[in-house]
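First up is the structure itself, then whatever we jot down about it.
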Amino acid sequence: SKPVLGGNNWMWDAFFQYSQNDTTQVTTGLLSKSAITLGLDPVVNADGSVSCRTVIRGCVPVNIFGTDALTDEMAAFLQSDRITENQFTRKVFGLHLAGDLLEVPAGPVASAFGVEYRGESIEILPGEAQMRGDLWGAPGEVIAGDYSLMEVFGEARVPLLSDQLFIQGLALEGAVRFADYSTVGPVSTWNLNLDMDVNDQLKLRGGYSSAIRAPNLYELLRPISQGFRPVEDPCLAMNSPSQAVKNMCVLQGVPSAYVNTLEDGTRSGYYSITGGNPDLLQEEATTTTLGFVLAPNAIPALTMSLDYYNIDLTDTIAQVDGQLLINDCFATLVFGDESCQAIVRDPNGNMLEVHASTLNLSDRSVNGMDLAVNYAFDSLPGWAGARDATLDVSWFSSWQFENTTQVLPTLPSTDCAGFYSGTCSTGAIRPTAAFRSILRATYATGPLKISPEVTYVGELALHESS
């Protein structure tokens, strides 16, 4: 930091950062298409032995019929590795200015201003087997892309009261940030916080903020992959579709001659096509917090804080399960909607593919309470070490009252606070314990520091959707 001429405690600093991360990702045990073709084309030689018709790549004749017919040697020949090289780079530049903006009756108005630039790039290079399309479910595609943003911000803390109205201090903090992304365009965020120092022992605080999260490069550019999933198709005759459902089935490609008698095809499933989405927009969130900090004079070594929070997110970026898209399509019956357009059928009318790309779809709401308690021993017995030895004991606990996600507007929201499995372990929804706690003791003397801790995670119940 450097002082700025003119006084008022103004300081400035500038920085530049460059980082690069190179990784090699190896996935073993994938099926090789060419090995399957070679291994399933055997010939019987004159001496009665069996060999591959085309003897290349150490080909092993493969027998897939019968129990335990596939030997270790056959399985090893059919398998191949997926090797992917990844490179991620980031450049950041910033210029910050901070100081007292002006003086008000309750004290100086501290402020900070700044401008920052960030640029990120990613390159994903598939291995040879992927590039020639030899691996099931792992198409080869070179992924390369970048994005950048320029943003400016301003922050200020305005003292409103100082030793007035039985209040030691009252201050309003505010911040605003404007950013221009090369991907989602211009966005803005802001927050307001009110801090009240009732006295030396009690502080009250509350805040409200509006924030965004732009999609990262992986969410924008993730390679397309394919997997096979079982299907519940509303168009099947066994599901007794209504006339409105039948009309949708015809629009999707079920031949009119089959719409009343459509049976499950030999696949009994569909190919789930997943991957990134370059058209993603930003997530948006509002956060409300209320809390207090207590440092009682009667117990001078003790400090504690308790904060309630409520976070509401909209347009959350999520990988939506293919069956959820199917259910949404036939709940809305709007052919032009994204969920209906994701479904592809074969010439017989059976479901062939569901394109379950990453989308801005789900809404999420999380609320809970965080507790932090710290006790710093001001003196320790002689056996505990040198005279300068210190011991701090901290206890952090978090209660999550609600963690609901609504993946699609037509589907009910799912509360996963304290639950797992079913819809609580699918796509964007992850199981979360309703209670977590950490107990940590930090002992320090001279150059020695020991900090053991115990973590407790509350039990998770099986969700009713399992």
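The analysis underlying the following values was restricted to heavy atoms, covering all of them including side chains, and did not include hydrogens, waters or symmetry mates. From a predicted model like this one, the values you see are computed outputs, not experimental measurements.
The distance between the ring centers of Tyr271 and Phe228 falls below 6.0 angstrom. The aromatic ring centroids of Trp190 and Tyr208 lie less than 6.0 Å from each other. Checked against a 6.0 Å centroid threshold, the rings of Phe16 and Tyr18 do not count as neighbours. His96 has its ring centre less than 6.0 Å from the ring centre of Phe153.
More than 12 heavy atoms of other shown residues, nucleotides or ligands fall within 6.0 angstrom of atom CD in Gln79. Around CG of Asn21, the count of heavy atoms belonging to other residues, nucleotides or ligands within 6.0 Å exceeds 12. For Glu73, the CD atom is loosely surrounded, since the number of other residues' heavy atoms within 6.0 Å does not exceed 12. Taking a 6.0 Å sphere around CZ of Phe292, one finds it holds more than 12 heavy atoms contributed by other residues, nucleotides or ligands. Around CG of Asp68, the count of heavy atoms belonging to other residues, nucleotides or ligands within 6.0 Å does not exceed 12. Counting heavy atoms of neighbouring residues, nucleotides and ligands inside a 6.0 Å radius, atom CD of Gln87 exceeds 12 of them.
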Walk me through it: do Glu219 and Arg213 pass the test salt bridge (Lys or Arg N to Asp or Glu O under 4.0 Å)?
CA-CA 12 Å; Glu219 293 166 333; Arg213 186 185 76 84; 3.0 Å; yes
With salt bridge (Lys or Arg N to Asp or Glu O under 4.0 Å) as the criterion, how do Arg118 and Glu116 come out once you've worked through the C-alpha distance, each side chain's angles and the decisive distance to 0.1 Å?
CA-CA 7 Å; Arg118 184 170 79 246; Glu116 294 182 2; 5.9 Å; no
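Using a cut-off of 4.0 Å between Lys/Arg side-chain N and Asp/Glu carboxylate O, Asp312 and Arg364 are scored as not salt-bridged. Remark: Lys33 does not engage Asp134 in a salt bridge, criterion side-chain N to carboxylate O under 4.0 Å.
The two atoms that bring Val457 and Ala433 nearest to each other are CG1-CB, 3.5 Å, heavy atoms only. Pairing each heavy atom of Tyr309 with each of Met369, the nearest pair is CE2-N, 3.6 Å. Nearest heavy-atom pair across Leu262 and Gly349 is CD2-O, 3.8 Å. Nearest heavy-atom pair, Gln323 versus Tyr270, reported as atom, atom and distance to 0.1 Å: N-OH, 3.3 Å.
Proximity of Arg440 to Ser451: side-chain heavy atoms (C-beta onward) are separated by under 4.5 Å at one or more points. The shortest distance between side-chain heavy atoms of Leu40 and Ile64 falls below 4.5 Å. Residues Thr442 and Lys449 have side chains in contact (heavy-atom distance under 4.5 Å, counting atoms from C-beta outward). The closest side-chain heavy-atom distance from Met248 to Phe335 is below 4.5 Å. Looking at Thr287 and Thr289, their side chains come closer than 4.5 Å, going by heavy atoms from C-beta outward. At a threshold of 4.5 Å between non-hydrogen side-chain atoms, the residues Leu38 and Asp41 do not count as touching. Counting only heavy atoms from C-beta outward, the side chains of Ile212 and Glu283 never approach each other to under 4.5 Å. Annotation: side chain of Leu149 is not in contact with side chain of Ser182 (no heavy-atom distance under 4.5 Å).
A side-chain N or O of Ser121 and one of Thr89 form a donor-acceptor pair less than 3.5 Å apart. Between the side chains of Arg222 and Ser357, no donor-acceptor pair is found at a separation under 3.5 Å.
Distance check, rounded to the nearest 0.5 Å: CG of Asp415 to CD of Glu402 gives 5.5 Å.
Screening residues 233-285 for disulfide bond (SG atoms under 2.5 Å apart), with sequence neighbours left out, gives Cys235-Cys249.
Listed for the Thr332 side chain is a donor-acceptor partner under 3.5 Å among the backbone atoms of Asp328.
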